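The model shown is predicted, which means the values in this text are computed figures rather than measured ones. In listed order, ligands and their atoms are each counted from 1.
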Amino acid sequence: MSKPKLYGISGSRAHRSLWAIEEVGIEYDQVPVDFKAGSKAPEYLAINPNGRVPALVDGDITIFESMAINLYLAKTYGGNLYPQNAKDEALTWQWTVWGISEIEPLQMQSLVQKLFVAEDKRNDKLIASAEKQLARPLQVLDDALSNREWLVGAQFSIADLNLSGVMLLLKMIKFDYANYSNVQRWADACYARPSLARAQARD
Ligand SMILES: N[C@@H](CCC(=O)N[C@@H](CS)C(=O)NCC(=O)O)C(=O)O
């Protein structure tokens with residue numbers, strides 16, 4: 001069977017799935033589709049009709065959504081990276097869905113203003129409001145990590161990779177975790193994985 005193909009550039013949300021595929025350590029081909037013209041080309045739309053990256057093709061399965069790709073990669077190839085019982089699996093889904101629903105929309109509001117809007121046009125009220133609203137989920141996460149090293153089980157797992165992978169965008173905008181020391185400690189440990197450096201060194 002041919003190697004899995006991961007579509008997307010590392011300077012996009014594809015970095016989350018590049019990290020996962022590097023972490024599971026399988027051979028794969030990266031197709032560095034960008035998120036502008038590349039992701040709108042007919043041959044890519046046939047893979048992901050949303051016109052967004054990442055996407056994964058592995059044998060007869062084609063998947064879009066970074067978190068779904070990561071859960072599939074971990075479950076199929078990741079051994080203990082994927083939880084080994086139903087309770088830990090449910091908690092893994094919980095933190096994965098939570099990251100995408102509770103953190104992602106707010107962090108995007110801030111990131112878009114800070115990185116893509118000219119300084120004189122920046123909506124500082126929107127940034128302040130988004131970052132204020134982030135206090136609630138970040139406090140939840142900080143409390144959850146107060147007596148444990150990793151989110152689920154006793155070792156780094158796909159739950160940690162998925163959530164900290166989503167939160168890499170907060171790192172990009174140098175979000176201040178001063179009030180969330182457990183989050184800071186956990187995020188630093190996740191970001192020290194050599195697999196992340198390998199993913200970030202990709203196109
Ligand atoms: N929820 C999706 C989001 C993917 C996404 O929005 N990717 C951006 C790049 S960071 C994209 O391809 N944008 C192109 C567009 O929206 O046209 C995921 O996590 O995979």
_Flag, side chain of Ser10 to backbone of Arg202, donor-acceptor distance under 3.5 Å_ = yes
_Contacts of type salt bridge (Lys or Arg N to Asp or Glu O under 4.0 Å), residue Arg52, not counting sequence neighbours_ = none
*Kindly state each residue pair satisfying salt bridge (charged side-chain N to carboxylate O under 4.0 Å, His left out) with at least one member in residues 100-109, sequence neighbours excluded.*
Arg13-Glu104, Arg16-Glu104
_Amino acids in close contact with ligand 1, where any non-hydrogen atom sits under 4.0 angstrom away_ = Ser12, Arg13, Arg16, Phe35, Lys40, Gly51, Arg52, Val53, Pro54, Glu65, Ser66
*Under a 4.0 Å N-O cut-off, is there an ion pair linking Lys75 with Glu89?*
yes
Could you pull out every donor-acceptor pair under 3.5 Å between side chains of residues 163-181 and any protein atom, sequence neighbours left out?
from: Ser164; atom 1: OG; to: Asp160; atom 2: O; distance (Å): 2.7
from: Asp176; atom 1: OD1; to: Ala178; atom 2: N; distance (Å): 2.9

*Checking side-chain contact (heavy atoms from CB on, under 4.5 Å) against Tyr7, which of Asn48, Val57, Asp29 comes through?*
Val57
